[in-house]
A.B. asks: 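Below you'll find the structure I mean.
Heavy-atom basis, side chains included; hydrogens, waters and symmetry copies ignored. In the text below, chain A, chain B and the rest are named by the order of the sequence lines, each starting its count at 1.
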Amino acid sequence: MSAQLSSADLTLRYPELGTGPVPTDIYWQPEFYERELDAIFRRAWLCLGRVEEIPEPGDYLVKEIQTFDMSILVVKGKDAEIRAFHNVCQHRGNHVELKPNGNCQVFRCPFHGWAYGLDGKLAGVPDAEAFYDLRREEKGLLPIHLDIWEGFIFINLSEQPDATLEEFLGEHGRDLVGYPFHLGTSTFEYQGVVKCNWKCMVDSFCETYHVPVLHKNSVTDTLAGPNNPFGRLIDVRLKGPHRTSSVVGNMSYQPNPVQGLAFQYAPGPSITSGNIDESVTLPKGLNETRADNWSLDSTVFFPNLIMVIGSGMYFTHQMWPLGPNEVVWQMRGYLRAASNAAQRFGQENSLVELRDAVLEDGNTLERIQRSLNQGLIKEFIFHDHELALRHHYHTVIEWVERYESVR
Amino acid sequence: MARLPNAFSDLDRFVDEWVLADSSSRAAKRQESDYADIKEFYDAMLALAPDALRYLSTKQLGELDEAEERLLKLLLSLAELGPAVEWYQQAQVIDGFPAARFPIIRQLSDNVPQE
Ligand code: FES
Ligand SMILES: [Fe+2]
């Protein structure tokens, strides 16, 4: 028996958030959505991937930011610097690179053949003499602010970011430094579109009050278990606009037959196994209370990235809104490499169990959104262990109001 | 030529249906299968899976011969079907978001060595 549940009053640690209901208009209103785009998605640092995706000079990625219908080129230069540019040719606006990834020395626009170096500089113009006023130094690819934290590539779409990435991540980032993110080299990704507000989707991965009910067939026994019948969290920490929820693991969980074999042959403890890898030293910000019944932390990098981190693997959810009630949902898994052929089986179990468990979340989100759109749920009341959701609400309001007040 | 390593020839009857190209086709196959077929495959595989995994744990991805790779792919289908039997007792996730609306878009290879 080791249920170190901080049973009550997480919320009272943050008196500025109050304990009352919150109005739900920000979860469906088209006008508010437009304000969020300007105040949040055009201001905050947004994650685009990991450095391992472009290890060599000349490696590039083309990332589609569907929220803004924007195509972004991320490229590793000859100097090993990673840069981001709008994937937009400065002749007449065609996209310069059409493949989702690759390696090259120069980007050649497939319209009239203008060429750009890996540093974005205009490097070649066919029949240049026939232009009247070609100032090459002004016709490079348009740069986008880019910085890297622990191997994650972040961009910022504002002309001049209010804060550096380091400042933006602040204590939240500092407290997660040192986790072996780089070991998650075996990656997979799922993507879909869900008819719900982006904030509702973020929130659905930040509370475990629903685990014993919605996930009763799948992960209830591992993430809640007999000592934790209501799916309480171990802890919630709020750091600036970011937040981390520490989730219980049932250490006496007895796996099902196939699952048990998979756990035995996984390259690192599966997030649903109730096992932890003792050799991994967790940074301060993971399992911050050092509970001995911990399985994972669900940690939100405001606004749209959630990392779900266990000792032996991690995965991320990223949400790219398409409108007030529609969102692109990307889920990426980062598993350790298989050191023999049998471990490929353990990996497959990890991705299949993860996918099935999150498929259990999707329909509730679309039903909630219908209720919101119809005005049938005017306020949300939050459980003490839904503190992360309350914090999310207040953070969004704060960002929108602050941005509009200085404009 | 045997289609599977000798010790696992009992599983030969599943090769045509359950040796599949990748994670995506395994997921699709589960969606369209009858639960009775899933359960039959699951039971037969589970009986030999401990031995099969022990056998494959001495091999490296990228070094498997064709028979060994088929055996691995049968195990990967077993992984896909695990939750169908152990969580849901049906092919699909109960009240699940449609799997076709959340497809896998980047997969782990079944046979390329990992670093
Ligand atoms: S638009 Fe790119 S070369 Fe003309
Ligand atoms: Fe959930």
Side-chain angles (χ1 to χ4, degrees), chain A residues 52-53 100 185-195 214-220 255-262 264-265 267 329-333 335-367, chain B residues 23 26-27 30 42-43 45-47 49-50 52-64 68-69 71-90 92-115:
Chain A
E52 289 88 4
E53 297 175 61
T185 49
S186 293
T187 64
F188 60 87
E189 180 168 0
Y190 289 84
Q191 181 170 303
V193 172
V194 183
K195 288 183 197 140
L214 185 72
H215 298 300
K216 60 179 179 301
N217 296 306
S218 58
V219 294
T220 295
N256 296 308
V258 164
Q259 189 182 40
L261 285 169
Q264 195 182 331
Y265 287 99
W329 171 23
Q330 297 170 335
M331 180 172 80
R332 303 193 187 93
L335 306 177
R336 295 202 199 151
S339 57
N340 61 59
Q343 288 191 347
R344 181 66 189 79
F345 170 77
Q347 291 175 329
E348 194 76 352
N349 166 268
S350 293
L351 77 88
V352 166
E353 290 204 347
L354 179 57
R355 180 206 60 211
D356 280 6
V358 300
L359 287 179
E360 295 175 336
D361 292 295
N363 289 344
T364 60
L365 290 164
E366 297 199 333
R367 293 192 285 252
Chain B
S23 298
R26 288 187 285 270
R30 169 172 154 195
Y42 174 96
D43 288 339
M45 281 300 295
L46 189 57
L53 287 164
R54 210 170 303 122
Y55 176 82
L56 289 175
S57 69
T58 64
K59 318 265 171 186
Q60 293 298 318
L61 290 172
E63 293 171 3
L64 303 184
E68 291 163 343
E69 190 171 324
L71 181 64
L72 173 60
K73 281 176 173 290
L74 287 179
L75 286 164
L76 297 178
S77 284
L78 178 65
E80 173 63 50
L81 299 179
V85 176
E86 297 177 353
W87 285 357
Y88 307 116
Q89 295 84 54
Q90 64 175 44
Q92 287 88 17
V93 175
I94 294 173
D95 184 28
F97 189 75
R101 289 179 60 195
F102 195 54
I104 192 163
I105 59 167
R106 180 154 41 112
Q107 316 196 48
L108 293 168
S109 165
D110 291 353
N111 50 26
V112 171
Q114 301 176 8
E115 123 314 317

A.B. asks: If you measure only the distance, is there a donor-acceptor pair under 3.5 Å linking the side chains of B:Gln114 and A:Gln347?
C.D. replies: yes
A.B. asks: Are A:Thr187 and A:Arg332 linked by a side-chain donor-acceptor pair shorter than 3.5 Å?
C.D. replies: no
A.B. asks: With a 4.5 Å limit on heavy-atom distance, are the side chains of B:Arg30 and A:Val352 in contact?
C.D. replies: yes
A.B. asks: B:Glu115 versus chain A, heavy atoms under 4.5 Å apart: side chain, backbone, both or neither?
C.D. replies: both
A.B. asks: Chain B heavy atoms under 4.5 Å from A:Leu365: which part of the residue, side chain, backbone, both or neither?
C.D. replies: neither
A.B. asks: Given a strict heavy-atom distance threshold of 4.5 Å, which part of A:Gln343 is in contact with chain B: side chain, backbone, both, or neither?
C.D. replies: neither
A.B. asks: Among residues at least two apart in sequence or on other chains, which ones pass side chain to side chain donor-acceptor pair (under 3.5 Å) with A:Gln191?
C.D. replies: A:Gln330
A.B. asks: In terms of relative ring orientation, are A:Trp329 and B:Phe102 parallel, tilted or perpendicular, with 30° and 60° separating the classes?
C.D. replies: parallel
A.B. asks: Please state whether the side chain, the backbone, both or neither of B:Tyr55 comes within less than 4.5 Å of a heavy atom of chain A.
C.D. replies: neither
A.B. asks: If I measure from the heavy atoms of chain B, does A:Arg355 come under 4.5 Å with its side chain, its backbone, both, or neither?
C.D. replies: side chain
A.B. asks: Quick check on B:Arg26 against chain A: is it the side chain, the backbone, both or neither that has a heavy atom closer than 4.5 Å?
C.D. replies: side chain
A.B. asks: Would you mind checking which part of A:Ala262 comes under 4.5 Å of any heavy atom in chain B, side chain (CB onward), backbone (N, CA, C, O), both or neither?
C.D. replies: neither
A.B. asks: Would you mind checking which part of B:Tyr88 comes under 4.5 Å of any heavy atom in chain A, side chain (CB onward), backbone (N, CA, C, O), both or neither?
C.D. replies: side chain
A.B. asks: Is A:Glu366 close to chain B through its backbone or its side chain, or both, or neither, when contacts mean heavy atoms under 4.5 Å?
C.D. replies: side chain
A.B. asks: Chain A heavy atoms under 4.5 Å from B:Ala99: which part of the residue, side chain, backbone, both or neither?
C.D. replies: both
A.B. asks: With distance as the sole criterion, is a donor-acceptor pair present between the side chains of B:Ser23 and A:Glu348 under 3.5 Å?
C.D. replies: yes
A.B. asks: Do you know which of B:Ala49, B:Gly82, B:Gly96, B:Ser57 has the most heavy-atom pairs with chain A at a distance under 4.5 angstrom?
C.D. replies: B:Ser57
A.B. asks: Does any backbone or side-chain atom of B:Leu64 lie under 4.5 Å from a heavy atom of chain A? Answer side chain, backbone, both or neither.
C.D. replies: side chain
A.B. asks: Would you please say whether a donor-acceptor pair under 3.5 Å links the side chains of A:Gln259 and B:Glu86?
C.D. replies: no
A.B. asks: Which heavy-atom pair separates A:Val194 from A:Gly362 by the least distance, and what is that distance?
C.D. replies: CG1-O, 4.4 Å
A.B. asks: With only heavy atoms counted, which part of A:Thr185 is less than 4.5 Å from chain B, the side chain, the backbone, both or neither?
C.D. replies: side chain
A.B. asks: Out of A:Ala337, A:Gly333, A:Gly192, A:Ala341, which one racks up the most heavy-atom pairs below 4.5 Å with chain B?
C.D. replies: A:Ala341
A.B. asks: With respect to chain A, which residue among B:Val93, B:Thr58, B:Val85, B:Leu81 yields the maximal number of heavy-atom pairs within a distance under 4.5 Å?
C.D. replies: B:Val93
A.B. asks: Does any heavy atom of chain B fall under 4.5 Å from the side chain of A:Tyr265, the backbone, both, or neither of them?
C.D. replies: side chain
A.B. asks: Apply side chain to side chain contact (heavy atoms under 4.5 Å, CB included) to A:Leu354 and A:Met331, showing your working.
C.D. replies: CA-CA 10 Å; A:Leu354 179 57; A:Met331 180 172 80; 3.8 Å; yes
A.B. asks: Got a list of side-chain donor-acceptor pairs under 3.5 Å for residues 71-79 of chain B, not counting sequence neighbours?
C.D. replies:
{"unit_1": "B:Lys73", "atom_1": "NZ", "unit_2": "B:Leu20", "atom_2": "O", "d": "2.9"}
{"unit_1": "B:Lys73", "atom_1": "NZ", "unit_2": "B:Ala21", "atom_2": "O", "d": "2.9"}
{"unit_1": "B:Lys73", "atom_1": "NZ", "unit_2": "B:Asp110", "atom_2": "OD2", "d": "2.7"}
{"unit_1": "B:Ser77", "atom_1": "OG", "unit_2": "B:Trp18", "atom_2": "O", "d": "2.8"}

A.B. asks: Determine, step by step, whether B:Ile104 and A:Leu351 satisfy the side chain to side chain contact (heavy atoms under 4.5 Å, CB included) criterion, reporting the C-alpha distance in whole Å, the side-chain angles of both residues, the deciding distance to 0.1 Å, and the verdict.
C.D. replies: CA-CA 10 Å; B:Ile104 192 163; A:Leu351 77 88; 4.1 Å; yes
A.B. asks: Check whether A:Val358 gets within reach of chain B through its side chain, its backbone, both or neither, counting any heavy atom under 4.5 Å.
C.D. replies: side chain
